[in-house]
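Below is one structure; the comments refer to it alone.
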Amino acid sequence: MRTGALLGCGAAAGPVLVLALLLQALWREDYDLGTDPISSLGLGPHGWVHVVTFVLVGGLVAALGVGTLRLDRRGRLVRVAGALLVVMAAGLVGVGVFVVDPVAWHGRLHDVSTGVAINAGLLAVLAISVAWWRDGLRGRALHGLATVVVCAALGWQTDPGTTALRHTVVVVVLGAWLTMTALWLLRDRADGH
């Protein structure tokens with residue numbers, strides 16, 4: 001697959017994830033976006049939609065990671081970000097495949113996968129933001145820094161009463177970053193940078 005197509009897959013990752021989760025939340029009468037964890041969409045007879053969503057988005061993020069790795073002249077930090085995106089993608093696939101359950105083995109793997117996806121994603125954001133700062137692309141770098149600060153502040157809190165809403169915001173913010181980054185990389189590639 002060509003590098004541009006791989007980056008294009010990354011541009012689709014954010015909208016696919018957010019739209020699929022929003023549609024599932026609206027479709028399922030027993031789900032409350034503000035109080036129910038996103039992972040609970042994986043439960044019940046329609047849980048397969050959640051599984052497919054995360055496996056598909058994991059594949060799109062993996063494509064972005066591989067496409068980013070191919071941008072070899074962009075520097076080491078961009079390649080590190082590409083590798084971290086591939087790790088994030090593996091975590092996203094795990095989030096879907098290992099359905100949430102507080103007592104089963106697959107529930108523990110779901111939690112580990114969630115941590116891997118979020119933390120690898122935030123490290124990828126940080127790595128590419130530093131690279132962009134060094135290249136003088138301050139707006140992109142500040143967008144990345146804001147993404148890290150917001151997601152870390154929300155994702156690492158321990159208040160169980162707000163976990164569902166905070167994690168929903170983290171998913172939306174990281175999804176937006178994935179899309180913007182893929183579009184910026186596509187534009188740079190088209191401009192010959």
Side-chain angles (χ1 to χ4, degrees), residues 3 6-18 21 37-39 53-98 108-158 163 166-186 188-189 193:
T3 302
L6 292 167
L7 297 174
C9 287
V16 167
L17 179 61
V18 172
L21 293 176
I38 291 171
S39 296
T53 296
F54 273 88
V55 170
L56 174 62
V57 171
L60 295 171
V61 173
L64 175 60
V66 171
T68 303
L69 283 166
R70 289 186 180 175
L71 302 174
D72 58 331
R73 68 177 210 260
R74 294 292 307 203
R76 185 172 24 150
L77 282 172
V78 174
R79 287 190 303 276
V80 167
L84 287 165
L85 288 169
V86 171
V87 173
M88 178 188 187
L92 290 168
V93 170
V95 167
V97 171
F98 302 115
R108 288 188 284 283
L109 288 176
H110 175 87
D111 293 342
V112 169
S113 296
T114 300
V116 167
I118 290 173
N119 290 304
L122 292 178
L123 288 171
V125 175
L126 191 58
I128 205 164
S129 295
V130 170
W132 279 336
W133 185 269
R134 289 179 179 172
D135 288 346
L137 300 167
R138 304 289 197 245
R140 294 181 192 185
L142 291 173
H143 177 257
L145 180 60
T147 298
V148 169
V149 169
V150 167
C151 290
L154 293 173
W156 294 338
Q157 285 184 25
T158 57
T163 300
R166 288 185 291 107
H167 285 183
T168 300
V169 173
V170 167
V171 166
V172 171
V173 170
L174 269 176
W177 179 85
L178 287 167
T179 296
M180 290 304 303
T181 297
L183 292 173
W184 282 325
L185 292 174
L186 277 167
D188 289 351
R189 193 168 176 278
H193 297 315

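Heavy atoms only: backbone and side chains are in, while hydrogens, waters and symmetry mates are out.
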[X] pairs by side-chain contact (heavy atoms from CB on, under 4.5 Å) with which of [options]?
{"X": "Trp177", "options": "Leu122, Val148, Val125", "answer": "Val125"}
{"X": "Leu85", "options": "Val80, Ile128, Leu178, Val66", "answer": "Leu178"}
{"X": "Leu174", "options": "Val18, Val61, Thr147", "answer": "Thr147"}

- Do the side chains of Thr179 and Pro15 get nearer than 4.5 Å, heavy atoms only? yes
- Item | Heavy-atom check, side chain of Val95 versus side chain of His110, under 4.5 Å | yes
Looking at every heavy atom in both [X] and [Y], which two are closest together, and how far apart are they?
{"X": "Val93", "Y": "Gly58", "answer": "CG2-CA, 4.0 Å"}
{"X": "Ser129", "Y": "Arg140", "answer": "OG-O, 4.4 Å"}
{"X": "Gly91", "Y": "Ser113", "answer": "O-CB, 3.4 Å"}

- Query: side-chain contact (heavy atoms from CB on, under 4.5 Å) between Val78 and Trp132: does it pass, once the steps are laid out?
  - Reply: CA-CA 9 Å; Val78 174; Trp132 279 336; 5.5 Å; no
- Lys NZ or Arg CZ of Arg138 over Trp133 ring: under 6.0 Å, within 45°: yes
At what distance, to the nearest 0.5 angstrom, does [atom1] of [X] lie from [atom2] of [Y]?
{"X": "Arg134", "Y": "Leu77", "atom1": "CZ", "atom2": "CG", "value": "5.0 Å"}
{"X": "Leu185", "Y": "Leu6", "atom1": "CG", "atom2": "CG", "value": "12.0 Å"}
{"X": "Arg166", "Y": "Thr158", "atom1": "CZ", "atom2": "OG1", "value": "7.5 Å"}
{"X": "Thr168", "Y": "Leu21", "atom1": "OG1", "atom2": "CG", "value": "8.0 Å"}
{"X": "Asp135", "Y": "Asp188", "atom1": "CG", "atom2": "CG", "value": "9.0 Å"}
{"X": "Thr181", "Y": "Leu7", "atom1": "OG1", "atom2": "CG", "value": "10.5 Å"}

